[in-house]
Amino acid sequence: MSAAPKSSKLKKSKNWCKEGEREEKAMKGQLSASSRGPVKFRMPTAQNLVPIRLDLDIDGQRFKDCFTWNPSDPDSEIVVFAKRTAKDLKLPPGFITVIASAIQSQIVEFRSLEGQDMYTGERIVPIKLDLRVNRTVIRDQFLWDLNNFESDPEEFAKTFCADLGIQDPEVGPAIAFSIREQLYEIVVQSVASVRETRINKKGRRGAEYTPVSKVGSTGLDLVKLFGHRSSVVRKRKEWDVYEPIVDLLSTEEVEALQAKEERIAR
């Protein structure tokens, strides 16, 4: 167990004067107009991208990566990408097929949801960050407008890093990916909820759809919670509770964490 890291925690009183700007980039508006009815499945972001996560092990050699993929790209690009990745990282040839297969299966799953219905109307969802990228540890939580199909996780992450003085260029993409991955999990659950509702609409009443803003656990009513002019990212009175934390780890701490992760993986 490594010693507690020396925190480079950044106080909101000094670094969150741009909270309004971050809010605007995260949400681009209070609440876009939408009916309570279902919409066709897609990522609730400006770019409809598939979050791809790889964690592969071949003959004791491990390969981990995460990135986004355009589901409209031809499948032939997957093999090209796998070959280039294996070449650039000097991975054994056996990784090419495994990488391509792992990417393909996740894209197929995403495409299987296209055309199906999901609910988004008047709903915001909690997003949590708990990441370690190289020496940087980021912990934060905020709300995201699931009904805003113009939101941009990459721009949000860029502003986040700028506001908190994070200089590692790999942190921003990791934050954006984490947001996209969580949004994807949420909309997949929404598709399943619609499907279950239709199957059970003549059966148990408990299976019928209830707007999530009335349930209260995974979605919130923006206007009731914040009012028309308050922040939809954080309430000011909770800044001390939901303050983003950035820690810089020492080389020894990073090595200890990596060794722990390898033991868990084995």
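Keep in mind the model is a prediction, meaning the values are calculated, not measured.
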Starting at [atom1] of [X], measure out to [atom2] of [Y] and round the result to the nearest 0.5 Å.
{"X": "Asn134", "Y": "Leu248", "atom1": "CG", "atom2": "CG", "result": "11.0 Å"}
{"X": "Gln106", "Y": "Gln104", "atom1": "CD", "atom2": "CD", "result": "10.5 Å"}
{"X": "Asn200", "Y": "Arg195", "atom1": "CG", "atom2": "CZ", "result": "12.0 Å"}
{"X": "Leu131", "Y": "Ile138", "atom1": "CG", "atom2": "CD1", "result": "5.5 Å"}
{"X": "Asp73", "Y": "Ile107", "atom1": "CG", "atom2": "CD1", "result": "8.0 Å"}
{"X": "Leu113", "Y": "Ser190", "atom1": "CG", "atom2": "OG", "result": "10.5 Å"}

is_close_aromatic([X], [Y]), centroid dist under 6.0 Å:
{"X": "Phe142", "Y": "Phe160", "answer": "no"}
{"X": "Phe177", "Y": "Tyr184", "answer": "no"}
{"X": "Phe156", "Y": "Trp144", "answer": "yes"}

Apply side chain to side chain donor-acceptor pair (under 3.5 Å) to [X] and list each qualifying residue two or more places apart in sequence or on a separate chain.
{"X": "Gln189", "result": "none"}
{"X": "Arg42", "result": "none"}
{"X": "Lys87", "result": "none"}

### Task
Apply side-chain hydrogen bond (donor to acceptor under 3.5 Å, both in side chains) to the pair Thr68 and Arg180, showing each step before the final yes or no.
CA-CA 9 Å; Thr68 56; Arg180 285 190 176 277; 5.4 Å; no
If you group Ile, Leu, Val, Met, Phe, Trp and Tyr by side-chain heavy-atom gaps below 4.5 Å, do [X] and [Y] land in one group?
{"X": "Phe41", "Y": "Leu183", "value": "yes"}
{"X": "Ile58", "Y": "Leu91", "value": "yes"}
{"X": "Phe81", "Y": "Ile96", "value": "no"}
{"X": "Trp69", "Y": "Val79", "value": "no"}

### Task
Would you please name every residue forming a salt bridge (Lys or Arg N to Asp or Glu O under 4.0 Å) with Asp130, sequence neighbours left out?
Arg139
### Lys40: salt bridge (Lys or Arg N to Asp or Glu O under 4.0 Å) partners, not counting sequence neighbours
Asp117
### Message
Treating Gln116 as the side-chain partner and Ser112 as the backbone partner, does any N or O pair qualify as donor plus acceptor under 3.5 Å?
### Response
yes
### Message
Please check this pair: side chain of Asp145 against backbone of Ile124, looking for a donor-acceptor N/O pair closer than 3.5 Å.
### Response
no
### Residue pair Asn147, Thr120: steps toward the side-chain hydrogen bond (donor to acceptor under 3.5 Å, both in side chains) verdict
CA-CA 5 Å; Asn147 193 46; Thr120 61; 3.1 Å; yes
Closest non-hydrogen atom pair, [X] against [Y]:
{"X": "Pro153", "Y": "Ala176", "result": "O-CB, 3.7 Å"}
{"X": "Gly172", "Y": "Ala157", "result": "O-CB, 3.3 Å"}
{"X": "Ile99", "Y": "Phe63", "result": "CD1-CE2, 3.8 Å"}
{"X": "Pro126", "Y": "Leu143", "result": "CA-CD2, 3.9 Å"}
{"X": "Pro44", "Y": "Leu146", "result": "CB-O, 3.3 Å"}

### Query
Can a donor-acceptor pair be found between the side chains of Ser178 and Gln182 at a distance below 3.5 Å?
yes
### Pairing of Glu253 and Arg135 as salt bridge, 4.0 angstrom limit
no
### Task
Name all pairs fulfilling the salt bridge (Lys or Arg N to Asp or Glu O under 4.0 Å) condition that reach into residues 45-57, sequence neighbours left out, sorted by first residue then second.
Arg53-Glu181, Asp55-Arg62
### Task
Determine, stepwise, if the pair Ile52 / Cys66 fulfils side-chain contact (heavy atoms from CB on, under 4.5 Å).
CA-CA 6 Å; Ile52 302 292; Cys66 56; over 6 Å; no
### Task
For Val39 and Phe149, run side-chain contact (heavy atoms from CB on, under 4.5 Å): C-alpha distance rounded to whole Å, both residues' side-chain angles, the deciding distance at 0.1 Å, then the answer.
CA-CA 11 Å; Val39 297; Phe149 287 81; 4.2 Å; yes
### Query
Is atom CG of Asp88 surrounded by more than 12 heavy atoms (other residues, nucleotides or ligands) closer than 6.0 Å?
yes
### Message
Could you go through Tyr119 and Val187, starting from their C-alpha distance and side-chain angles, then the distance that decides it, and tell me whether this counts as side-chain contact (heavy atoms from CB on, under 4.5 Å)?
### Response
CA-CA 8 Å; Tyr119 290 111; Val187 294; over 6 Å; no
### Task
Starting from the C-alpha separation in whole Å, work towards a yes-or-no answer on side-chain contact (heavy atoms from CB on, under 4.5 Å) for Val98 and Leu54.
CA-CA 10 Å; Val98 177; Leu54 303 179; over 6 Å; no
